[in-house]
Amino acid sequence: MAAIALTAVTIDHGFAQSSDDLKNDEKTPSDVLVYGMGYSGRRFSSLVQINRDNAEKLVPVWAYSMADNQGAEGFPIVADGVIYATSHNATVAVDALTGRQRWRISHDYSAETLRVVCCGVVNRGAAIFNGKIIRTTLDNHVLALDAKTGKEIWNTTSPDPASIKNGYSMTGAPLVANGVVVVGVAGADFSHRGFIEGYDAETGKHLWRLYTVPAKGEPGSETWERDSAPTGGSTWVTGSYDPELDLVYWGTGNPAPWNPRGRKGDNLFTDSIIALRPRTGERVWFYQAMPNDPYDFDAVQTPIIAALHGDRSERKVIMQANRNGILYVLDAGTGKLLTANPFEKINWTNGINLETGRPNYTEVFSSSVEGKKVTVWPSVTGATNWQHASFNLQTGLLYINALHVGMTYEAPEPRDPVLGESVSGTIKRTTVIDDPNIRGFLKAVDPMTGKSKWERPYKSPNFSSILTTAGHLVFTGTMTGEFQALDSDTGKLLWSFQTPSGIVGQPVTWERNGKQYITVMSGIGGVYATRSGDPNLASVPIGASLWTFALFDK
């Protein structure tokens, strides 16, 4: 297993934004049709016009105001010369070459909605399929808009109990797989049962729901050793899809309440990667990364699909740089654990048993679940969070925006959870840092070992997702607003541009009329910016905007 390469896809030709077009997104760099720049979630582009030799010549082509003061975490969709972008309360279509608005649709909510949105008032993007822009809303609607006009085609409310009063919200981007719109929910910290569900992409009809936490008496409920109902397992980050295996891979969040003393046991199926059938929601396999999680280490990071090449065979795998600080590689068809190595500073485990898949817990973990005060690495924010890594086909490396922050942790006597009530206050914690000038790194990591080829430190962690290209470039953004290009082989900073606000968005690249462009959203927000108390972010202006860059050629 010396190298990693792209999972092969068959090239078919169909109508615009058909299922075949979505399958071939990685092979058609002129458009960006699927969250993650392709079903594999690799966020790698074969475009080379912008490269490490000329990146210093990048300039802004246009900027568009999203008219929003909340976090700008959205993934831009690029199709037929139009960019589609979302905020928490609007969907917009702008001309890709000029930034001129074609249409804008507002989405209104009651004031109560924002009370339960976790974590950060955001929307991470839309999907496109057969001329429809499909998105979720904070009040648990899934809706489709006409891509040409913005006119609403269908609007479906997620069935009970998915309501604001029960602590549910939707912040993630949909994934259209095999004609089904697959979505997840946020809000595990409000004591409800998380789920993944599917809708018919043409009609909006609700097709199925797979709960990520079992009800009493269902398989897995025996791993919750208490009389209170199992809760948690939210699914707030978009997954990936393998059309050949017809499997959707989706991560699940933490158990609730945070305090582990009130829910002893493994707490299935929280902190897990789940493989499911998009047409039925059938769970095919699962892998639990963090049994009985005390620390809110959500395993929601998008699983990245690739192929391992051995001496005589090829093995399709998924990779996940987990919030708990471990980089997992699993067999894509079976979920068998192949490797598991730390990529950041951790002390809750000294390794993962590859036979059982279970962590070898340290005294730090055992003391945590006993209620003793300990110092834990990483912190509740994780060794990474929701921000997406990129797998680069040229280097065979995984590029990760990692956090370097620990915490003191203490779990007092537990109390019973209440549906719709936040459980984040059920433990006591404070921030720990070992260098006031380094709270994060951009790392180029070997997926098979977790070791870094290079690391670049940052005063504050980057919550921007990462884009890598065949031009030997890594694109990312800082929370103080710099959009940056680095050499993928060395980590050398090649170019930086100051945007008006912090960047927590998802850069993409595309081509039009023979010219390559880079698009990203600027606009600070999200859980770290609003709750960490990081002094470096105290004066960063708010305000969401959409930016596009290209090489200066005049």
Side-chain angles (χ1 to χ4, degrees), residues 15-18 21-22 25 28-37 60-109 122-138 141-156 170-176 181 183 201-202 204 238 499 505-513 515-523 543-550:
F15 298 103
Q17 301 102 45
S18 67
D21 289 314
L22 301 189
D25 190 30
T28 55
S30 59
D31 285 339
V32 179
L33 304 179
V34 177
Y35 191 87
M37 297 185 64
V61 177
W62 55 260
Y64 171 85
S65 172
M66 296 295 293
D68 179 34
N69 286 331
Q70 301 292 343
E73 295 184 359
F75 180 85
I77 294 291
V78 187
D80 301 323
V82 180
I83 295 179
Y84 302 92
T86 64
S87 64
H88 79 283
N89 62 358
T91 308
V92 302
V94 301
D95 186 282
L97 296 182
T98 66
R100 183 180 298 276
Q101 179 178 296
R102 295 198 174 191
W103 53 258
R104 176 187 177 91
I105 302 298
S106 297
H107 310 287
D108 298 323
Y109 313 107
V122 299
N123 180 273
R124 295 185 186 87
I128 189 169
F129 184 67
N130 282 350
K132 294 181 287 294
I133 302 301
I134 305 170
R135 63 163 291 166
T136 63
T137 61
L138 296 181
H141 286 243
V142 183
L143 58 91
L145 307 174
D146 185 285
K148 291 184 178 180
T149 66
K151 181 180 179 180
E152 186 174 287
I153 298 173
W154 54 259
N155 187 330
T156 306
M170 291 183 175
T171 57
L175 180 71
V176 178
V181 180
V183 300
E202 296 296 350
T238 308
T499 67
Q506 306 179 53
V508 300
T509 187
W510 48 280
E511 188 178 60
R512 187 75 172 172
N513 300 331
K515 189 175 181 67
Q516 184 182 354
Y517 299 86
I518 313 287
T519 297
V520 69
M521 295 184 76
S522 170
S545 52
L546 183 67
W547 289 77
T548 289
F549 301 85

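Being a predicted model, the structure only gives us computed values, none of them experimental.
- The CG atom of L143 sits 11.0 Å away from the CD1 atom of I133 when rounded to the nearest 0.5 Å.
- Applying the salt bridge (Lys or Arg N to Asp or Glu O under 4.0 Å) rule to R512 yields no partners; only residues at least two apart in sequence or on another chain are considered.
- Side-chain atoms of D80 and Q17 include a donor-acceptor pair closer than 3.5 Å.
- Atom CG of D25 is separated from atom CG of D31 by 7.5 Å, given to the nearest 0.5 angstrom.
- No side-chain donor from either of T86 and R135 sits under 3.5 Å from a side-chain acceptor of the other.
- In this structure, A127 and V176 approach most closely via the heavy-atom pair CB-CG2, 3.9 Å.
- Scored by the ring pair (Phe, Tyr, Trp, His ring centres under 6.0 Å) test, F75 finds Y35 as partners (sequence neighbours excluded).
- Put simply, the side chain of V92 does not reach to within 4.5 Å of the side chain of Y84, judged on heavy atoms.
- Contact of the E511 side chain with the N513 side chain is not registered, since no non-hydrogen atoms from C-beta on lie closer than 4.5 Å.
- Side chains of H141 and M170 form no contact here, defined as non-hydrogen atoms less than 4.5 Å apart.
- The shortest heavy-atom contact between A173 and T238 is O-OG1, 2.6 Å.
- To the nearest 0.5 Å, the span separating CZ on F129 from CG on L33 amounts to 11.5 Å.
- R102 places a side-chain heavy atom less than 4.5 Å from the side chain of V82.
- With hydrogens and angles ignored, the 3.5 Å screen pairs a side-chain donor or acceptor of W62 with a backbone N or O of A96.
- Taking NE2 from H88 and CD from Q70, the interatomic distance works out to 5.0 Å, rounded to the nearest 0.5 Å.
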Exercise. Can you check side-chain contact (heavy atoms from CB on, under 4.5 Å) on V78 and Y517, steps first, answer last?
Worked result: CA-CA 11 Å; V78 187; Y517 299 86; over 6 Å; no

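- The closest side-chain donor-acceptor pair between T519 and T548 falls under 3.5 angstrom.
- Here salt bridge (charged side-chain N to carboxylate O under 4.0 Å, His left out) pairs that include residues 144-153, with residues two or more places apart or in two chains, number zero.
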Exercise. Run the side-chain contact (heavy atoms from CB on, under 4.5 Å) check on N130 and E202 step by step: do they pass?
Worked result: CA-CA 8 Å; N130 282 350; E202 296 296 350; 2.7 Å; yes

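- Note that the CG atom of L145 and the CD1 atom of I105 stand 6.0 Å from one another [nearest 0.5 Å].
- In terms of heavy-atom proximity, T499 sits nearest to W547 at CB-NE1, 4.4 Å.
- Closest approach of G71 to V122, counting heavy atoms only: O-CG1, 3.6 Å.
- R104 places a side-chain N or O within donor-acceptor distance of the main-chain N or O of M66, the cut-off being under 3.5 Å.
- The backbone N or O of S30 sits nowhere less than 3.5 Å from a side-chain atom of T28 that would complete a donor-acceptor pair.
- Taking the side chain as every heavy atom from C-beta outward, V142 and V181 approach each other to under 4.5 Å.
- Counting heavy atoms from C-beta outward, L546 and M521 have side chains that approach closer than 4.5 Å.
- The heavy-atom pair separating T136 from G172 by the smallest distance is OG1-O, 2.9 Å.
- Here the straight-line distance linking atom CD1 of I518 with atom OG1 of T509 works out to 3.0 Å at 0.5 Å rounding.
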For this session: Check step by step if side-chain contact (heavy atoms from CB on, under 4.5 Å) holds for T171 and L138.
Result: CA-CA 6 Å; T171 57; L138 296 181; 3.7 Å; yes

Exercise. L175 and V34: side-chain contact (heavy atoms from CB on, under 4.5 Å), yes or no, with the steps?
Worked result: CA-CA 8 Å; L175 180 71; V34 177; 4.2 Å; yes

For this session: Carefully, step by step, assess N89 and H107 under the rule side-chain hydrogen bond (donor to acceptor under 3.5 Å, both in side chains).
Result: CA-CA 5 Å; N89 62 358; H107 310 287; over 6 Å; no

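- Counting only heavy atoms from C-beta outward, the side chains of M37 and V508 approach each other to under 4.5 Å.
- Looking only at distances, a side-chain donor or acceptor of W154 sits under 3.5 Å from a matching main-chain atom of A201.
- Defined by atom type and a distance below 3.5 Å, a donor-acceptor pair is missing between the side-chain atoms of E73 and N123.
- Smallest separation of non-hydrogen atoms from P507 and G505: CD-O, 3.7 Å.
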